Asker: 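This is the structure I want to talk about, given as structure tokens.
Just so you know, residue 1 is the first one in the sequence shown, and it goes up from there. Keep in mind that what you see is a predicted model, and the values were worked out from it rather than measured. Start at 1 and go down the list; that is how both ligands and their atoms are numbered.
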Amino acid sequence: MILCRTIAELKNELIQIKQSNDQATIGLVPTMGFLHEGHASLMRQSAEENTASVLSIFVNPLQFGPNEDFERYPRDEARDLAIAKENGIDIVFMPDVKEMYPSKPRTSVIVSQLTERLCGASRPGHFDGVGLVVSKLFHLVQPDRAYFGMKDAQQLAVIQQMTDDLNIPVEIIPCPIVREPDGLALSSRNVYLSAEQRQQAVVLSQSLSLAKEWVKERGMTSEDLIARVKAKISEAGQAEIDYVEWLTYPTLELPAGNEPIANHKGKYILALAVKFGSTRLIDNALFVPNTEVN
Ligand code: AMP
């Protein structure tokens with residue numbers, strides 16, 4: 001496995017791969033590091049499906065708001081490199097901020113509509129930062145496939161839209177959410193939780209599991225479902241709900257009217273964001289009313 005800290009080193013490695021095999025396919029796994037089993041599952045899938053896999057580790061300042069956790073975002077380079085190596089990565093691209101943004105970028109990548117709700121509403125500018133850095137990574141690595149977790153379902157929808165709109169020649173591969181044994185979705189931010197908050201955080205996945213039963217109840221509407229999910233989450237004393245929403249997926253629109261969920265056509269997402277102290281956690285589940293898909 002090769003570690004590249006500069007774009008020049010990365011380009012050189014990619015050229016060598018293509019020179020030794022002009023049919024080589026490249027998989028890209030973009031991350032912010034502090035890797036866990038969720039990231040590892042993406043790496044393994046990339047390693048299985050491609051000749052070579054690139055893992056990018058970059059805590060992108062542009063996707064953090066002024067009062068968010070950019071400065072204290074957890075970092076552990078040595079551990080990340082060991083995990084990357086164990087999970088089939090060939091190249092780790094770990095640039096610093098100056099390498100990615102030698103000067104203030106004047107170009108914006110703004111995906112409209114899909115970014116208006118959920119984390120787009122709670123974190124203004126977040127997806128503009130994500131769009132810019134992911135499009136830069138796509139241009140730098142020119143991957144055949146790029147792997148993203150369904151944990152960040154809105155991010156996946158935004159990146160798929162950006163890729164389609166700009167005809168970027170990459171296949172976006174959605175990967176399932178990896179969870180702790182008690183159901184908590186793995187996240188680099190889980191380390192911020194106190195022991196008590198960690199115990200309470202299981203309420204996110206619990207409320208999604210309950211919702212899978214509740215949607216089957218006759219006459220259940222999205223308003224009723226959201227109210228029940230909010231009530232369940234509020235049982236956790238330290239939970240502060242940011243949003244609970246039921247939207248079409250991947251178009252992220254409100255369902256028309258307040259029809260019972262049984263009458264909803266197509267795919268829906270139940271998306272949650274909940275704060276425990278200063279730690280904000282997200283989770284979601286997909287539904288095709290009458291058939292559970294996630
Ligand atoms: P991050 O480092 O948090 O920006 O995440 C990098 C990639 O890993 C994103 O595509 C995430 O959706 C994905 N990811 C993070 N946590 C999980 C998880 N628990 N299961 C699956 N994918 C995940």
Asker: Counting non-hydrogen protein atoms only, what is the nearest one to atom 20 (N) of ligand 1? Give residue, atom name and distance.
Answerer: V178 N, 2.8 Å
Asker: Name each donor-acceptor pair under 3.5 Å that joins a side chain in residues 252-263 to protein atoms two or more places apart or in another chain, with its distance.
Answerer:
residue	atom	partner	partner atom	Å
N258	ND2	E223	OE1	3.4
E259	OE1	N263	ND2	2.8

Asker: Can you find a pair of side-chain heavy atoms, one from L3 and one from R5, that are under 4.5 Å apart?
Answerer: yes
Asker: Quick one: look up the protein heavy atom nearest atom 10 (O) of ligand 1 and list residue, atom name and how far away it is.
Answerer: G149 N, 2.9 Å
Asker: For the residue pair I282 and D152, establish whether any side-chain heavy-atom pair is separated by less than 4.5 Å.
Answerer: yes
Asker: What part of M32, side chain, backbone, both or neither, has a heavy atom within less than 4.0 angstrom of ligand 1?
Answerer: both
Asker: Is any side-chain heavy atom of V54 closer than 4.5 Å to one of D90?
Answerer: no
Asker: With a 4.5 Å heavy-atom cut-off, do F287 and K267 have their side chains touching?
Answerer: no
Asker: Identify the closest protein heavy atom to atom 14 (N) of ligand 1: which residue and atom is it, and at what distance?
Answerer: D152 OD2, 4.3 Å
Asker: Tell me: protein heavy atom nearest atom 21 (C) of ligand 1, and distance?
Answerer: P176 O, 3.3 Å
Asker: At what distance is the nearest protein heavy atom to atom 23 (C) of ligand 1, and which residue and atom is it?
Answerer: K151 CB, 4.1 Å
Asker: How far is atom 5 (O) of ligand 1 from its nearest protein heavy atom, and which residue and atom is that?
Answerer: H39 NE2, 3.4 Å
Asker: Among E86, E37, E49, find the one that has a side-chain hydrogen bond (donor to acceptor under 3.5 Å, both in side chains) with R44.
Answerer: E37
Asker: Quick one: is the NZ or CZ of R189 closer than 6.0 Å to the six-membered ring centre of Y73, and within 45° of its axis?
Answerer: no
Asker: Using a 4.0 Å cut-off to any heavy atom of L186, which atoms of ligand 1 qualify?
Answerer: 16 (N), 17 (C), 18 (C), 19 (N)
Asker: Tell me whether the NZ or CZ atom of R117 lies within the 45° cone about the ring axis of Y249 and under 6.0 Å from its centre.
Answerer: no
Asker: Using heavy atoms and a threshold below 4.0 Å, how should the contact between C175 and ligand 1 be classified: side chain, backbone, both, or neither?
Answerer: neither
Asker: Counting from 1, what ligand 1 atoms have a heavy atom of F148 closer than 4.0 Å?
Answerer: 10 (O)
Asker: Measuring from the heavy atoms of H36, does anything fall under 4.0 Å of ligand 1?
Answerer: yes
Asker: Please list, in number order, the atoms of ligand 1 under 4.0 Å from a heavy atom of I177.
Answerer: 20 (N), 21 (C)
Asker: Please could you name the atoms of ligand 1 that P30 approaches to less than 4.0 Å, counting only its heavy atoms?
Answerer: 6 (C), 7 (C)
Asker: What do you reckon, is NZ of K85 surrounded by more than 12 foreign heavy atoms closer than 6.0 Å?
Answerer: no
Asker: Examine L186 and V59 and state if one hydrophobic cluster contains both, with Ile, Leu, Val, Met, Phe, Trp and Tyr joined whenever side-chain heavy atoms are less than 4.5 Å apart.
Answerer: no
Asker: Heavy-atom distance to atom 3 (O) of ligand 1: which of Y147, Y73, F34 wins?
Answerer: Y73
Asker: Specify side chain, backbone, both or neither for V29, according to which of its non-hydrogen atoms lie closer than 4.0 Å to ligand 1.
Answerer: neither
